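Note sheet for the following structure.
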Amino acid sequence: MTRRYWLMKSEPDVFSIEDLAAKDFEEWDGVRNYQARNFMRDMKKGDLVLFYHSNAKPPGVAGVAEIAAEAHPDRTQFDPKSEYYDPKSTQDEPRWDVVTVKHVETFDELVSLATLKGAAELEGMHVVRKGSRLSVTPVDQEHFQAVLELAKAKTSVR
DNA sequence: GCCAACGTTGGC
DNA sequence: GCCAACGTTGGC
């Protein structure tokens with residue numbers, strides 16, 4: 001099986017890796033960017049995800065999740081009471097999808113964006129680029145492994 | 001709070 | 001189709 005790797009951003013004040021660990025599974029709703037949506041549509045069950053805390057102090061990768069269910073319609077787009085409501089979306093042709101993610105691991109210590117930026121082997125990774133805004137991005141296997149090793153290195157030093 | 005880097009909207 | 005105005009993301 002060819003497994004693919006991704007990075008997904010979430011603001012921990014809204015939904016953190018601790019929240020995911022408590023629930024085990026989560027529907028990743030609220031993505032309203034076509035590029036991010038298209039990446040989610042490419043995700044396969046078993047793919048691994050770097051769970052990134054954005055708008056955090058500090059921002060960085062907090063752990064790992066796994067794709068538990070592939071893309072299916074985001075119910076919040078049909079709900080007028082939801083902040084994610086999209087009046088232009090129809091049941092016949094939904095615009096927005098979710099994937100279901102499962103908790104795999106919470107790092108003992110966050111791998112901060114500063115650490116990622118300081119790692120030469122992560123050059124070219126989307127999240128280290130200046131002005132990176134895309135909330136869902138593919139990650140090279142080499143980059144994914146390198147982030148795991150950074151997380152392990154931090155743990156062993158303590 | 002500032003600002004860079006986009007994405008979206010709408011006039012033309 | 002072009003582009004200006006505006007909105008959003010997210011680091012710092």
Side-chain angles (χ1 to χ4, degrees), chain A residues 4-23 26-43 47-67 71-101 103-140 142-151 153-154:
Chain A
R4 295 220 263 171
Y5 302 90
W6 310 91
L7 179 143
M8 299 176 89
K9 295 181 183 174
S10 181
E11 300 191 23
D13 289 350
V14 178
F15 189 78
S16 71
I17 192 142
E18 289 80 15
D19 296 328
L20 181 62
K23 297 178 66 181
E26 177 73 1
E27 300 266 286
W28 202 277
D29 60 16
V31 171
R32 295 294 180 271
N33 171 285
Y34 288 105
Q35 220 181 331
R37 182 205 66 185
N38 291 342
F39 284 136
M40 289 205 299
R41 288 182 172 173
D42 288 338
M43 292 175 174
D47 284 0
L48 293 178
V49 176
L50 296 173
F51 194 119
Y52 182 90
H53 281 176
S54 61
N55 263 322
K57 294 175 189 171
V61 178
V64 177
E66 176 183 344
I67 301 303
H72 50 286
D74 182 344
R75 280 170 291 124
T76 64
Q77 71 195 302
F78 306 122
D79 178 3
K81 291 193 286 288
S82 168
E83 60 175 314
Y84 300 128
Y85 178 59
D86 184 349
K88 294 178 189 159
S89 192
T90 64
Q91 294 277 351
D92 286 345
E93 286 185 57
R95 286 187 171 190
W96 306 112
D97 283 350
V98 297
V99 291
T100 306
V101 302
H103 182 262
V104 172
E105 175 186 8
T106 300
F107 295 154
D108 289 338
E109 201 178 330
L110 182 103
V111 180
S112 71
L113 180 59
T115 299
L116 299 176
K117 285 182 170 173
E121 65 271 28
L122 295 180
E123 197 183 335
M125 190 177 178
H126 185 275
V127 77
V128 305
R129 274 178 28 200
K130 187 180 175 186
S132 158
R133 291 190 313 153
L134 199 52
S135 65
V136 179
T137 54
V139 173
D140 293 346
E142 293 76 16
H143 290 164
F144 184 89
Q145 293 299 339
V147 172
L148 288 194
E149 274 159 37
L150 287 170
K154 292 217 168 200

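Computed from a predicted model, the values in this text were never measured in an experiment. The analysis underlying the following values was restricted to heavy atoms, covering all of them including side chains, and did not include hydrogens, waters or symmetry mates.
Using modelled atom types, no side-chain atom of A/H72 and backbone atom of A/T100 make a donor-acceptor pair closer than 3.5 Å. Between the A/D19 side chain and the A/S16 main chain, a donor and an acceptor come within less than 3.5 Å of each other.
Residue A/R95 places its CZ atom among more than 12 non-hydrogen atoms of other residues, nucleotides or ligands, all under 6.0 Å distant.
We find the CZ-CG distance between A/F144 and A/D47 to be 10.0 Å, quoted to the nearest 0.5 Å. We find the OG-CG distance between A/S89 and A/D74 to be 9.0 Å, quoted to the nearest 0.5 Å.
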Once each nucleotide of nucleotides 1-10 of chain C is scored for protein heavy atoms under 4.0 Å, what B/S/- sequence comes out, 5' to 3'?
-> ------BBBB
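Checked against the 6.0 Å centroid threshold, A/W96 and A/Y34 count as a close aromatic pair.
Between A/W28 and A/F51, the angle of the ring planes goes over 60°, which puts this pair in the perpendicular group of the 30/60° scheme.
Atom-to-atom, CG of A/D13 to P of C/dG11 comes out at 12 Å; the value is rounded to the nearest Å.
Residue A/K57 is classed as having no contact, given no heavy-atom separation below 4.0 Å to the nucleic acid.
A heavy atom lying under 4.0 Å from DNA chain B marks the following residues of residues 82-90 of chain A, by number: A/K88.
Remark: A/D97 engages A/R41 in a salt bridge, criterion side-chain N to carboxylate O under 4.0 Å.
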